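Since the model is a prediction, treat every value here as computed from it, not as a measurement.
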Amino acid sequence: MSVKLNRKYVSRFVGDDELFAEKDAVREAYEQLYSKKENALGSDFHGWLNLPENYSREEFERIKKAAEKIRKNSDVLVVIGIGGSYLGARAAIEFCKSKNYNIVEKNSPKIFFVGNSLSPTEISEVLAICENCDFSVNVISKSGTTTEPAVAFRLFKALLVKKYGKDGASERIYATTDKHKGTLKEMADKDGYETFVVPDDVGGRFSVLTAVGLLPIAAAGIDIDALMKGAYDAMKQYDNSDVMTNDCCVYAALRNILYKKGKNVELMVSYEPDYTMMNEWFKQLFGESEGKDHKGIYPSSVVYSTDLHSLGQYVQEGKRQLFETVVIFDEPKCDITIEADETDGDGLNFLAGKTMSFVNRKAFEGTLLAHTDGDVPNIIIEVSKMDEYNLGYLIYFLEKSCAVSGYMLGVNPFNQPGVESYKKNMFALLGKPGYEEMAEELSKRILS
């Protein structure tokens, strides 16, 4: 296994007997996940389960061809999407390449992610970059009407038309959207954009291994065949409901046991800054899947040792409401050996001959012992290295763990009814037709 769960440092908080006692709950959750019943909770969004085996090979090849075209004719790729429409792709690029991808990568287009906020500053900066170079756009939206990406697409489409003309712009727009319907699909059909499919049975936060994530990932020069192979091997590895041996089930059970013991905050921890956006993807995956019916663990994240100098005090001695899930890698992407200094003015000659990865590992080990001594449970996820295969494996592990955990919690892990509340209020306050009565009521509330 390229991904392995280590529960040594959670064992004094959750015993084997407690874990084993969850076997029936895990089995029931697992059965719900694979239920084919028409009205089974969330069953219409289980398509990601077998995606690593059942994905469209025809579309997969088109993704690779489109990515190669972008790499040849574009200095910049602008990816427009929000939530699951961009987090997975950005996380994958930084995981496999670097969080400094746009600076250090010389043989691939720079990739900017917009449409995930309404900041005029952010949009203006990327528009200014695109004014002076060749660029393409990948707009990702199931409906095409979500405000943040829709506004961004209008602005970047206008710039494309200005630079290349209407037909030239259409050659540089790639729409990832619904297969049959919706505003963006209609626009794509009318103007001749190449389209890729957001599957009906895969929710946004589970969609990174569909065209939603794969086109930007491939455009960055990442091997998506290896990515899918890792996910496929994970799919086969975790194909059982054994709470003692299937790490997806173990992780789901541990989280629910800790939750019942009052641990309602989970910190995902990494010691690699290139994992930062994976932390963000994790927060959406688990937060949107479990946070409903006034239930759920609050997902947060840190990158150590950086955040040990800002949050370390709280984690060590603050309110005992949290646990840590640490993702640690056996091999670094690269390494540096620390050399001796003849004056030893900084007193660091005791590190001479040691590598930075060795020092980083000792920071992890020292922190692990300190936090567990301070009554913070630690679940360790060990990953071989930061490459495409291991990322695919890890993505599938986390997705399946999340689904099992959500069903154990007693919620539907695949809906997000609460997300719509802010959207309706925003539409009304912006003056969208059909929201006039609601707008008047909200305006009174704000002014009062």
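Screening residues 273-295 for salt bridge (Lys or Arg N to Asp or Glu O under 4.0 Å), with sequence neighbours left out, gives R205-E288, R255-E290, D274-K333, E280-K283. Among residues at least two apart or in separate chains, there is no ring pair (Phe, Tyr, Trp, His ring centres under 6.0 Å) pair with a member in residues 208-236.
For the pair V327/V269, no side-chain contact is recorded, criterion being any heavy-atom separation below 4.5 Å from C-beta on. Side-chain atoms of L348 and I338, non-hydrogen and from C-beta on, never get closer than 4.5 Å to each other. By the 4.5 Å heavy-atom criterion applied to side chains, H46 and F414 are counted as neighbours.
With sequence neighbours excluded, the residues that form a side-chain contact (heavy atoms from CB on, under 4.5 Å) with C96 are I222, E388, L391.
Classified by interplanar angle (parallel below 30°, tilted 30° to 60°, perpendicular above 60°), the ring pair H371/Y304 is perpendicular. Below 30°, between 30° and 60°, or above 60°: for F113 and Y86 the angle between ring planes is between 30° and 60°, a tilted geometry.
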Next item on the list: For salt bridge (Lys or Arg N to Asp or Glu O under 4.0 Å), just list the numbers for K142 and D200, CA-CA rounded to whole Å, side-chain angles, deciding distance to a tenth of an Å, and then say yes or no.
Entry: CA-CA 9 Å; K142 181 78 169 171; D200 289 335; 2.6 Å; yes
Checklist entry - Checking side chain to side chain contact (heavy atoms under 4.5 Å, CB included) for the pair I297/V265: CA distance, chi angles, key distance, verdict? => result CA-CA 5 Å; I297 296 168; V265 176; 5.6 Å; no
request  = Begin with the C-alpha distance, continue with both residues' side-chain angles, and end with the deciding distance and a verdict on salt bridge (Lys or Arg N to Asp or Glu O under 4.0 Å) for K97 and D387.
outcome  = CA-CA 8 Å; K97 296 286 189 174; D387 64 6; over 6 Å; no
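One finds no salt bridge joining E194 and K65 here, because no Lys/Arg side-chain nitrogen approaches an Asp/Glu carboxylate oxygen to under 4.0 Å. Note on D242 versus R27: no salt bridge recorded, every NZ/NE/NH1/NH2 to OD/OE distance being 4.0 Å or above. R361 has a carboxylate O that lies under 4.0 Å from a charged side-chain N of E365, or vice versa, which qualifies the two as a salt bridge. Under the 4.0 Å criterion applied to side-chain N and carboxylate O atoms, R12 and D375 are assigned as salt-bridge partners. Using a cut-off of 4.0 Å between Lys/Arg side-chain N and Asp/Glu carboxylate O, K236 and D233 are scored as not salt-bridged. Classification of R7 and D16 as a salt-bridged pair holds, one side-chain N sitting under 4.0 Å from a carboxylate O.
The CD atom of E122 sits 5.5 Å away from atom CG of N116, with the distance rounded to the nearest 0.5 Å. With rounding to the nearest 0.5 angstrom, the CE atom of M235 is 11.5 Å from the CG atom of L209. Interatomic distance, E186 CD to T177 OG1, rounded to the nearest 0.5 Å: 9.5 Å.
Across every non-hydrogen atom of I395 and V208, the tightest pair is CG2-CG1, 3.7 Å.
Both tests hold for R57 against Y55: distance to the six-membered ring centre under 6.0 Å, angle to the ring axis within 45°.
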